[in-house]
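Since the structure is predicted, the reported quantities are computational estimates derived from the model, not experimental observations. In what follows, every heavy atom counts, from backbone to side chain, and hydrogens, waters and symmetry copies are set aside.
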Amino acid sequence: MSVTSEKPARSRRLLFLLPLLLFLALSAVFLMQLFSGKDSSLVPSALIGRSAPQTDLPPLEGMNLPGLSSAAFSGRVTLVNVWGSWCLPCRQEHPLLMQLATDERVVIAGLNYKDKPENARRFLGDLGNPYDAIGVDQNGRAAIDWGVYGVPETFLVGPDGTIRYKHVGPFTPESIRESLMPEIEKALTERPAG
């Protein structure tokens, strides 16, 4: 066998191994992330510490509640929950929102994302309504302003109108107890600006 015929064979073997090496490298990165112990529901948000986006959404028809307006955040600790009737994790977390709604220190506002009004009303009729206000974001523009990755997502807005905390995905009893409630307690001790 000549030296020139060995080079193409070696090149083909390297070309064959390249996808395997790439797969192994990506697998290693994913495994490191998986076993890092980081909470995947804590997604960094550029909005934390900044004023909540100016929002003025119409109310969900037939619910006899106001729409979602930034003015409603002033002076109150507010949870803004982004949800849709078509979202299975939203259904999963809904009983926990119903429990949170019993805490009169906190206003819960719903941002109904890309939903049909009749489906949203049926969802709330079946599971209960934890919301003090519901704004309809039919085209998804408000969710973009809020930096929403997907539903459900929840933002804690302090009495001064700034975003204090963001939770991605459905709440669990642990995430409420260990993350959300300490943030609510901190926000409740702050005085609104003005």
Review point. Run the side chain to side chain contact (heavy atoms under 4.5 Å, CB included) check on V151 and K114 step by step: do they pass?
Key: CA-CA 10 Å; V151 292; K114 293 188 175 183; over 6 Å; no
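- Both L96 and W83 sit in one connected hydrophobic cluster of ILVMFWY residues. Membership requires side-chain heavy atoms under 4.5 Å apart, directly or through other members.
- In this structure, L156 CG and K186 NZ are separated by 10.0 Å, a value rounded to the nearest 0.5 Å.
- A 6.0 Å sphere centred on CZ of R177 holds more than 12 heavy atoms belonging to other residues, nucleotides or ligands.
- E153 places no side-chain N or O within donor-acceptor distance of the main-chain N or O of V82, the cut-off being under 3.5 Å.
- V107 and L65 end up in different hydrophobic clusters when Ile, Leu, Val, Met, Phe, Trp and Tyr side chains are linked at under 4.5 Å.
- Atoms CZ and CG, from R122 and D115 in turn, are 10.0 Å apart once rounded to the nearest 0.5 Å.
- The neighbour count for E61 CD, taken as heavy atoms of other residues, nucleotides or ligands under 6.0 Å away, does not exceed 12.
- Hydrophobic cluster membership is shared by Y131 and I176, with clusters built from Ile, Leu, Val, Met, Phe, Trp and Tyr side chains linked at under 4.5 angstrom.
- Contact between C90 and P152 at its shortest, heavy atoms only, is SG-CB, 3.7 Å.
- Around CG of N64, the count of heavy atoms belonging to other residues, nucleotides or ligands within 6.0 Å does not exceed 12.
- Judged by distance alone, the side chain of D132 and the main-chain N or O of A109 form no donor-acceptor pair under 3.5 Å.
- Side-chain contact between V80 and T55 is absent, with no heavy-atom pair separated by less than 4.5 Å.
- Under a 3.5 Å cut-off, the side chain of S70 and the backbone N or O of P53 do form a donor-acceptor pair.
- Other residues, nucleotides and ligands contribute at most 12 non-hydrogen atoms within 6.0 Å of the CD atom of Q54.
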Point to revise | Stepwise side chain to side chain contact (heavy atoms under 4.5 Å, CB included) test for T154 and L180 | key: CA-CA 10 Å; T154 305; L180 177 63; 5.7 Å; no
Practice item. Would you sort out whether N112 and M63 count as a side chain to side chain contact (heavy atoms under 4.5 Å, CB included), showing the intermediate values? Key: CA-CA 12 Å; N112 184 236; M63 290 301 296; over 6 Å; no
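- Taken from CZ in F155 to CD1 in I48, the straight-line distance is 8.5 Å, to the nearest 0.5 Å.
- R141 has a carboxylate O that lies under 4.0 Å from a charged side-chain N of D145, or vice versa, which qualifies the two as a salt bridge.
- Applying the ring pair (Phe, Tyr, Trp, His ring centres under 6.0 Å) test to pairs two or more places apart or on separate chains, those with a residue in residues 84-118 are H94-F123.
- Linking Ile, Leu, Val, Met, Phe, Trp and Tyr residues whenever their side-chain heavy atoms come within less than 4.5 Å leaves M98 and I108 in two separate clusters.
- A distance of 10.5 Å separates OG1 of T78 from CD1 of I184, quoted to the nearest 0.5 Å.
- Between N81 and E93, the closest side-chain pair of non-hydrogen atoms falls below 4.5 Å.
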**Study point:** Trace of the side chain to side chain contact (heavy atoms under 4.5 Å, CB included) decision for S179 with H167
**Key:** CA-CA 9 Å; S179 299; H167 183 82; 5.7 Å; no
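- Looking only at distances, a side-chain donor or acceptor of D137 sits under 3.5 Å from a matching main-chain atom of A143.
- Of all non-hydrogen atoms in V77 and P159, the two that sit nearest each other are CG2-CD, 3.9 Å.
- When all heavy atoms of L68 and G110 are compared, the pair lying nearest together is CD2-O, 4.2 Å.
- Closest of all the heavy-atom pairs between L60 and A120 is CD2-CB, 3.8 Å.
- Residues G158 and A187 share a closest heavy-atom pair of CA-CB, 4.5 Å.
- In this structure the side chain of L100 never reaches within 4.5 angstrom of the side chain of V106, judged on heavy atoms.
- Electrostatic pairing of R105 and E185 counts as a salt bridge here, judged by a charged N lying under 4.0 Å from a carboxylate O.
- Remark: the backbone N or O of G147 is paired with a side-chain donor or acceptor of K166 at under 3.5 angstrom.
- Scanning all heavy atoms of the two residues, the minimum distance from G135 to L57 falls at CA-CB, 3.7 Å.
- In this structure a side-chain-to-backbone donor-acceptor pair under 3.5 Å is missing from S74 to A71.
- Clustering ILVMFWY residues whenever any of their side-chain heavy atoms sit less than 4.5 angstrom apart, transitively, puts L111 in a cluster other than the one holding I144.
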